[in-house]
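Just below is one structure, and these are the notes that go with it.
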Amino acid sequence: MEPLNTLQEFTSLTPLNHDLFDEKEIQVWMKRDDLNHPTIQGNKLHKLKYNLAAAKQQGKESLLTFGGAYSNHIAATAAAGKSFGFKTIGFIRGDELENQPDKWSPTLKEAHNNGMQLHFLNRMDYRQKTRAHFLQQLQQQFPDSYILPEGGTNELALQGFEELSQQLAMQCPDWTHLYCAVGTGGTLAGLVKFSASFTDQPRHLLGVATLKQASYLIPTIEQLCGIHHNQKGVTQWQLLQDYCGQGYGKENTDIHTARIWFEDLFEIPLDPVYTNKMIYGFLEELAADKIPPGAKVILYHSGGLQGRLPEMQT
Ligand SMILES: Cc1ncc(COP(=O)(O)O)c(C=O)c1O
């Protein structure tokens, strides 16, 4: 399957220089996928591109998906629908928001403005989102819809990370470590799956969990990428669970400080839910000497900047 070819996505690998990195004898770059598309940003572009092509090929008229009030995936799906001629339908967690549009997050308002039809589910019903029976019912109710899971993670989403892995291999053939943020695990799984295709040299992929008690994601990621965590081989990956602070969407003082330090120093904006924790995790690992001298480290900027609150926008 070909991805939709109007999607521009070759982004820079920006070197980051700092005395701290020199002292530890490592080299660091940031992959600027926050710049890969104006509205379908970061990892979302990779996850959606083959799914959009599949939806077109199947003659579907709508994209139907699930997410919370601050979901970047909801925003990206709404934007993709608008750009590529699909109607969009979003099932949102939390029915308390149904009749209170003034309390909608900027993400929900943007999705709505991009034409997404919003349906609000109470938390119990929302948990059905992966059940086969529930999905069959939805498919019957919305027969013209292409259904995407929460966070957009599925087999076709993973495929989208092949080109990204190829770009990284071209831009820095001997990179050794890559840090990325983890929500559902699709991004990490995609990068793990394809990073070995372009090298014989060991690569370490470190996914920083953004939610608490994330170990339940490990079997899912293993299944998606086909590589056991902590397996010794060309590609090794781990889910780092110590850098999520108080949990999903919560930025404690240490994480906030790391984000502001990074943003001020390198003039690269981060988001307050995902990439802030990725940077915090990387800095903590560096301080604890978990990254060996000689390492060539890539920090993956997965976007999410539309989720920044208006007062945080620069
Ligand atoms: C900006 C950003 N970075 C990282 C992630 C995590 O990606 P994944 O769900 O594939 O683990 C997300 C997930 O929605 C995201 O919006």
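Counting starts at 1 for both ligands and their atoms, following the listed order. Everything numeric in this text was worked out from a predicted model, so none of it was measured. Note that these values count all heavy atoms, side chains included, but never hydrogens, waters or copies made by symmetry.
In this view, V297 and I26, V28, H177, Y179, F282, I291, A295, L299 satisfy the side-chain contact (heavy atoms from CB on, under 4.5 Å) rule, not counting sequence neighbours. Evaluation of the salt bridge (Lys or Arg N to Asp or Glu O under 4.0 Å) rule for K24 yields D289 as partners, not counting sequence neighbours.
The atoms of ligand 1 that sit less than 4.0 Å from any heavy atom of G186 are 8 (P), 10 (O), 11 (O). Near G185, the atoms of ligand 1 lying under 4.0 angstrom from a non-hydrogen atom of the residue are 8 (P), 9 (O), 11 (O). For ligand 1, the atoms sitting less than 4.0 Å from at least one non-hydrogen atom of N72 are 1 (C), 15 (C), 16 (O), numbered in the order shown with element in parentheses. Near G304, meaning under 4.0 Å from one of its heavy atoms, ligand 1 places the atoms 1 (C).
Relative ring orientation between F266 and F21 is described as parallel, the plane-to-plane angle staying below 30° on a 0-90° scale split at 30° and 60°. Ring geometry for Y248 versus Y274: interplanar angle over 60°, hence perpendicular rather than tilted (30 to 60°).
With rounding to the nearest 0.5 angstrom, the CG atom of L239 is 12.0 Å from the CG atom of L205.
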Inset, instruction - Apply side chain to side chain contact (heavy atoms under 4.5 Å, CB included) to N43 and F161, showing your working. - result: CA-CA 8 Å; N43 60 343; F161 290 93; 4.2 Å; yes
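Between N276 and the choices R259, E263, E251, the side-chain hydrogen bond (donor to acceptor under 3.5 Å, both in side chains) rule is met once, by E251. Just one residue in the list H301, Q41, K44, H46 forms a side-chain hydrogen bond (donor to acceptor under 3.5 Å, both in side chains) with D33, and that residue is H46.
In summary, E284 and K277 do not engage in a salt bridge, as defined by a charged side-chain N under 4.0 Å from a carboxylate O.
Close N/O approach between G151 and ligand 1 is not found [any backbone or side-chain N/O within under 3.5 Å].
Residue contact annotation: G303 has a non-hydrogen atom under 4.0 Å from ligand 1. For the pair K47 and ligand 1, a heavy-atom separation below 4.0 Å is found. Using a 4.0 angstrom heavy-atom cutoff, V182 counts as in contact with ligand 1.
The proximity of T184 to ligand 1, defined as any non-hydrogen pair under 4.0 Å, involves the side chain as well as the backbone. Counting heavy atoms under 4.0 Å from ligand 1, residue N43 touches it through the side chain alone. Of the heavy atoms in K44, only side-chain atoms (C-beta onward) come closer than 4.0 Å to ligand 1.
Among protein heavy atoms, the minimum distance from atom 4 (C) of ligand 1 is reached at S302 OG, 3.3 Å. Considering only non-hydrogen protein atoms, atom 6 (C) of ligand 1 sits nearest to G183 N, 3.3 Å.
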